[in-house]
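Comments concern the structure below.
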Amino acid sequence: MYSMSPPFELTLYMLTNYHEMKIKLLLLSVFTIFFTFITQAQCSGGTNGGALSPAPVSATQTMAVTNGNYYTISIPAGACVPTYVFSFCAADGGSNTQSDTQITILDNSGAYAGGYSDDFCGLLSKLTWAPTSTLAATYRILVNSYYCTNGGTGVLAYNVSNTYTNTAEYTIVGSAVYSAGCSTVTPNSTGQTGCAWDVNSTLSFASNFSYDFTVYLGASDGGADGMAFVMQNDPRGRCACGTTGGSLAAGGITNSLIVEIDTYINFEDRDDFVTPTVGCAGVEDPDHLDLWTNGVVNPDLDGNCNAVAAGERPVVANAVRLQNPVGTNYNIENGSNHILRVSWVTGAPGTFTARILNTALTTTYGVISTTLNPMTTFGTNSPYFGFTASTGGLSNQQSFCSPAILLPVELEYLKAECGEKGITVSWATASEINNKQFDVLRSEDGTNYTRIGTVSGNGTSYNTIKYSYIDETVLNSSSIYYYKLKQVDFAGNSKSYAATGNTDLTCKVVTRDVIIFPNPANETVTIDFGKLPANTIEIYNNEGELIYFSELKTKPGYNFDIATSLFANGIYLVKINTDTKIITKKINISH
C-alpha cells in the first residue's frame, strides 16, 4: 500500500469523531527524519453520480462533482483510441474544497481500467488517460479526496483529443510527422515521443518475408535515444504508443516483438553486455540491436546493472553491438541513412532476423535473431508494424522510409575477384521470390553501368543459392571494375542490389580469343581483338547475306566499335580475318 525509503517524510493521519487531521512532522528534537507516505493503490467503489455532462469534447469542459462519486462516459468503437484529460488543477479550470484529490478510472463493472492520479499539482490530481481497446465501452471516472475517502465537492475539468493522424501511408501518433512516403518519428528536440504504423498492410507471418527499411538515427553521437521497429497486436491497434526514455516509445505495447536500434546506454541496458567496460563502471557506449517482447523493454528487476535477474532477458541472452570492422564499435548516429532488414522464415517455430546494413547493402553492422511462434507472441499471424522513438534530455532526428515492395531476393554477399580468365563476379541469395534472372552490370567509374551478361534465377527458394559470372571482357588489368546486380522477376519488376569492385589488381593478361560485347547488343557492339591483329571484319545475317564489311589493320589490344542501330533484331555471324586464322562469332542484336 505504501513504501518508505530514506530520506523520510512522515505523514500521520489522526482520526477523531468529527474530523480528520493531517499532520506533517518534519523535525524531531535531536535529529531530522523524513518519512514519505505514498498511496500507490487505486481507489474503487463509489456512488453513481450520473454521466459526465456536458460530454467530453476537444475544448475543456467543467462539471461540479462530489468526492466519492463516479461519473460515466461512453466511448464509441473506432480505429484508434482517444486521449482524455481529467483535472482538479486550477490552471485547467478545476478546483476542490477538500483538497488532496485522487482520480481513478474504472470500467463499467468497477474494475480498475488503467488510469490513476494523486497529487499532480500540489495536492490536486490531474490524469491523462487512454482506453486500452478500440471497442465501444463505458467507463467510470471516480473522484475521491486523499486516501480514497468521500466528502467535499469540487469542479472537475476535462477534455478529449485524438493524438493520432491518419495519412495515406501511416497512422502517426505523438511527435511523429509524415512526408512523402517517410516519417520523422521524433524531431531533433528533447522530450519527444512518436509512433508511426503502416496503414495499408500488416506483416504476414504465414509465409516467408524480407523487408528493407531505410532508417536515419540522427547526426549527434551521444544524442538520444534510438528507434524501435515494432510488430504488435496491441488492443489499441494503430493508435498504440508506449512509454518514453529507454523504452523508445515501445514500452507497454502489448502482444509485440520489438527490435531496438538503441543509441544510448541506459543503466538497465548494461545488463545486456558481458564486457566489463560496458558494466556499471565501464566507459563504452555502443550502439546496439536488441529484441524484446510484449512491451517489456530493458527491465531492471534487481537494481544491479552488473547482474541479470530472472526475467530480465525475455528474448535473447545479450544485445548485439553494431561494429565496423568487427571489434570496433560503429556509430550509427553519423548523419547517414542505413538499412534495417527484417526477415522471417516459417517453421515450428519460425526464425525472425533483423540486421543493420549500409544503403549499398555491402556492409553488415549487426545481426540479431530469435525463434518464435507468431500466434503465441502476437495472437495473430498478421500483426501491425511500424516504428516508435523517443527523446529525453538529449535529442536526435529519428526517421524511416518504408520499402515500396517486398524484397524479391535477399542477397547474402556480392564480390568480384580476378582470375586467369578475367574477373569472376560471385554472389549468393538466402531467399528468392519469383526470381527470373540477374543482369550483371559493370562500370569503370562506379557511376555509369552497362549490362554485360545475364544469369538465370531460381524462381522461388528459401535455401542459400550461389551464383557466379566470369567477365572475360576486361581490357586492362591495372584498372578497377565495379559490378552491380539487377534482379528481374517474372512480372518484369526489377531491383538493383549492392555494388562491388575488384580491388585485387593482379588479373593476368592472357592470350585469348577475340571477344565481342555486349552480347546481346543494342546500339553498338565492341570487338576486342586481344593479342591478335585483324585484317577484315565481315558480318552475315541468318540467310548468309553479307551486310557489313570493313577492311582494317589493327594492332594487338585494339578495340573496334560497330554501330548496330540499323541492324534488324536477330542472330548474326561475325567473321574476323587475321594473319594466321579466321575467327567466327555469333552475336545477338536486340533493340
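In the displayed structure, Y264 atom OH is contacted under 6.0 Å by at most 12 heavy atoms of other residues, nucleotides or ligands.
Ring geometry for Y365 against H338 counts as perpendicular: the plane angle is over 60°, on a 0 to 90° scale with 30° as the lower cut.
Inspection of the D489 and Q437 side chains reveals no N or O donor paired with an N or O acceptor under 3.5 Å. N358 and T362 share a donor-acceptor pair across their side chains, judged by distance under 3.5 Å alone. In this structure, a donor-acceptor pair under 3.5 Å is present between the side chains of S343 and S210. A donor-acceptor pair shorter than 3.5 Å can be found between the side chains of T254 and D234. A donor and an acceptor atom, one from each side chain of T214 and N337, are nowhere located under 3.5 Å apart.
With sequence neighbours excluded, no residue satisfies salt bridge (Lys or Arg N to Asp or Glu O under 4.0 Å) with D262.
Residue V316 comes nearest to S369 through the heavy atom pair CG1-O, 3.7 Å, listed as atom of the first residue, atom of the second, then distance. Scanning all heavy atoms of the two residues, the minimum distance from L340 to A354 falls at CD1-CB, 4.3 Å. Of all the heavy atoms in Y483 and V440, the pair that sits closest is CD2-CG1, 4.3 Å. Scanning both residues, I368 and D290, for their nearest heavy atoms gives CD1-CA, 3.7 Å.
Under a cutoff of 6.0 Å and an axis angle of 45°, K484 and Y482 do not form a cation-pi pair.
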